[in-house]
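Written below as structure tokens is the structure these notes are about.
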Amino acid sequence: MKSLLIVDDQAGIRLLLNEVFTKEGFEARLAANGAEALQSVTEKEPDCVLLDMKMPGIDGVEVLKRLKKDWPHIPVIMMTAYGEVELTEEAIKNGAEKYFTKPFNIYEVRDAVKEILHRGE
């Protein structure tokens, strides 16, 4: 079973993504902030990370940099609010696979995760 770490400070988004990916047969784990996300990856590496760009504390770009430093093989997909273009470019430069602008189409996100996870098969 493929595992996915969902990182977003908005509970509603975490729960929505959790529901969609659990229905798809993924093991979904949730983190509300960057510190929780890094702790979670340390405990058990996910196959993919869905990461919000703007969070209190450690922001998404910083989490991305740390993930890519210690776990360069884990694909990361960024989620960003409309208009954060410069952050998005920085995220792609730092190794994010792709990004989605909120409000995103949940099925596009689902398909992107599936595509990234099935690439190596």
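The minimum heavy-atom distance linking G34 with M55 is given by the pair N-CE, 3.9 Å. Here the closest heavy-atom approach between residue A31 and residue E36 is recorded as CA-OE1, 3.3 Å. Pairing each heavy atom of N33 with each of P56, the nearest pair is CB-O, 4.4 Å. In terms of heavy atoms, A35 sits closest to I58 at N-CD1, 3.8 Å.
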List the steps and the verdict of side chain to side chain contact (heavy atoms under 4.5 Å, CB included) for F104 and T80.
CA-CA 9 Å; F104 43 70; T80 170; over 6 Å; no
Before giving the answer on side chain to side chain contact (heavy atoms under 4.5 Å, CB included), spell out for I77 and Y99 the whole-Å C-alpha distance, their side-chain angles and the decisive distance to 0.1 Å.
CA-CA 5 Å; I77 297 173; Y99 65 90; 5.9 Å; no
Would F100 and M78 count as a side chain to side chain contact (heavy atoms under 4.5 Å, CB included) here? Give the steps.
CA-CA 6 Å; F100 286 93; M78 304 301 288; over 6 Å; no
Are V109 and Y107 close enough, and set up right, to give a side chain to side chain contact (heavy atoms under 4.5 Å, CB included), and what steps lead you there?
CA-CA 5 Å; V109 175; Y107 301 107; over 6 Å; no
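Linking Ile, Leu, Val, Met, Phe, Trp and Tyr residues whenever their side-chain heavy atoms come within less than 4.5 Å leaves I13 and V76 in two separate clusters. Following chains of ILVMFWY side-chain contacts shorter than 4.5 Å, one can reach I116 starting from V20, so the two form part of one hydrophobic cluster. Follow the hydrophobic side-chain contacts under 4.5 Å out from I92 and you reach L51 in the same cluster. Hydrophobic clustering, with ILVMFWY side chains joined whenever heavy atoms are under 4.5 angstrom apart, groups V63 together with L87. Linking ILVMFWY side-chain heavy atoms closer than 4.5 Å, directly or via other members, places V113 and V49 in two distinct hydrophobic clusters.
Note: E24 CD to L117 CG = 11.5 Å, rounded to the nearest 0.5 Å. In this structure, I106 CD1 and D111 CG are separated by 10.5 Å, a value rounded to the nearest 0.5 Å. Expressed to the nearest 0.5 Å, how far OG1 of T88 lies from NZ of K93 amounts to 11.5 Å. To the nearest 0.5 angstrom, K114 atom NZ is 13.0 Å from C48 atom SG. With rounding to the nearest 0.5 angstrom, the CG atom of L30 is 6.5 Å from the CZ atom of R14.
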May I have the list of side-chain donor-acceptor pairs in residues 3-10 shorter than 3.5 Å, sequence neighbours left out?
from	atom 1	to	atom 2	distance (Å)
S3	OG	D47	N	3.2
D8	OD1	Q10	N	2.8
D8	OD2	K102	NZ	2.9
Q10	OE1	K102	NZ	3.4

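Residues meeting the side-chain hydrogen bond (donor to acceptor under 3.5 Å, both in side chains) test with K44, sequence neighbours left out: E27. Scanning for side-chain contact (heavy atoms from CB on, under 4.5 Å) contacts around K65 gives V61, E62, E90, N94, with sequence neighbours left out. Scored by the side-chain hydrogen bond (donor to acceptor under 3.5 Å, both in side chains) test, T22 finds N18 as partners (sequence neighbours excluded). When the side-chain hydrogen bond (donor to acceptor under 3.5 Å, both in side chains) test is applied to Q39, the partners found at least two apart in sequence or on another chain are E43. Partners of K23 by salt bridge (charged side-chain N to carboxylate O under 4.0 Å, His left out), not counting sequence neighbours, listed by chain and number: E19.
Under a 3.5 Å cut-off, the side chain of K68 and the backbone N or O of I74 do form a donor-acceptor pair. Between the side chain of R110 and the backbone N or O of F21 there is no donor-acceptor pair closer than 3.5 Å.
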